Amino acid sequence: MTADIEQRLRETSEHCFNCYQKWQGNKKDGALRSALEDAVHELRKTASRIEIELAVGDGSGSRNTMKPPANRHAKKKSGERQEPQEAPAEEAAEAPKEAPKKITIKKKAVGEE
């Protein structure tokens with residue numbers, strides 16, 4: 001951890017703890033609740049910064065370096081229309097096309113069972 005993140009972690013956690021103690025003494029005070037919510041938010045931001053540092057790592061290759069799957073839409077430029085892909089000729093020949101079947105529904109007259 002770098003020195004600035006360490007300092008930030010110490011300050012935000014201490015401030016959050018102090019706000020929590022004050023709020024515990026008077027839970028109905030809206031100003032204390034708001035101050036605690038702000039302190040928790042700052043602590044979360046600090047924790048996120050630490051997570052980013054963990055993800056970047058030290059560059060020694062000790063963490064798993066597997067790449068995420070490629071987004072198949074990433075290459076599509078905005079405004080460009082992508083044509084649907086046709087099925088290979090072999091697949092098209094195997095599946096004969098059938099006309100959809102018609103379904104009729106008979107309605108009962110009022111009073112008829």
Side-chain angles (χ1 to χ4, degrees):
M1 234 185 292
T2 59
D4 58 327
I5 293 177
E6 286 180 25
Q7 182 64 27
R8 185 173 166 191
L9 180 59
R10 288 177 205 279
E11 290 172 359
T12 56
S13 60
E14 184 177 335
H15 179 66
C16 186
F17 180 71
N18 290 336
C19 289
Y20 177 74
Q21 284 182 323
K22 289 176 186 174
W23 175 76
Q24 280 287 24
N26 187 6
K27 290 186 177 184
K28 295 186 187 253
D29 189 345
L32 292 176
R33 178 185 174 94
S34 179
L36 177 58
E37 287 173 345
D38 290 343
V40 168
H41 178 71
E42 289 301 316
L43 190 58
R44 284 188 182 134
K45 287 177 13 183
T46 303
S48 295
R49 185 66 222 158
I50 294 169
E51 287 179 333
I52 290 169
E53 190 170 314
L54 279 171
V56 171
D58 58 358
S60 66
S62 60
R63 58 182 286 267
N64 187 0
T65 57
M66 193 166 102
K67 292 183 181 179
N71 183 350
R72 61 187 183 132
H73 300 290
K75 293 181 181 178
K76 183 179 174 184
K77 294 180 183 175
S78 62
E80 229 179 78
R81 187 171 179 184
Q82 196 172 24
E83 296 298 322
Q85 295 179 349
E86 293 182 22
E90 299 148 359
E91 289 180 22
E94 291 176 15
K97 295 184 180 180
E98 296 179 14
K101 296 180 182 179
K102 282 192 173 182
I103 300 173
T104 55
I105 300 173
K106 294 182 182 179
K107 293 185 177 181
K108 294 183 181 180
V110 177
E112 189 179 313
E113 287 189 37

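Only a predicted model underlies this, so the values are computations on that prediction, with no experimental measurement involved.
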*Joint hydrophobic cluster, L43 plus I5, side-chain heavy atoms closer than 4.5 Å*: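 Per the 4.5 Å side-chain linkage, L43 and I5 are co-clustered.
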
*To the nearest 0.5 angstrom, please state how far the OG1 atom of T2 sits from the CD1 atom of I50.*
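Going from OG1 on T2 over to CD1 on I50, the span is 9.0 Å.
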
*Quick one: pull up OG1 in T46 and CD in E6 and give me the separation to the nearest 0.5 Å.*
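T46 atom OG1 to E6 atom CD measures 12.5 Å (nearest 0.5 Å).
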
*Could you tell me which residues satisfy salt bridge (charged side-chain N to carboxylate O under 4.0 Å, His left out) with K22, sequence neighbours excluded, listed by chain and number?*
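Applying salt bridge (charged side-chain N to carboxylate O under 4.0 Å, His left out) to K22 gives none.
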
*Could I get the full list of side chain to side chain contact (heavy atoms under 4.5 Å, CB included) partners for A39, not counting sequence neighbours?*
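Residues passing side chain to side chain contact (heavy atoms under 4.5 Å, CB included) with A39: H15, C16, C19.
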
_Sequence-distant partners of R33, side chain to side chain contact (heavy atoms under 4.5 Å, CB included), two or more places apart_ =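 Applying side chain to side chain contact (heavy atoms under 4.5 Å, CB included) to R33 gives W23, E37.
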
In chain order, what residues pass the side-chain hydrogen bond (donor to acceptor under 3.5 Å, both in side chains) check against [X], with sequence neighbours excluded?
{"X": "E51", "result": "none"}
{"X": "N26", "result": "none"}
{"X": "E11", "result": "Q7"}

_Is any side-chain heavy atom of V40 closer than 4.5 Å to one of R44?_
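With C-beta onward as the side chain, the pair touches.
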
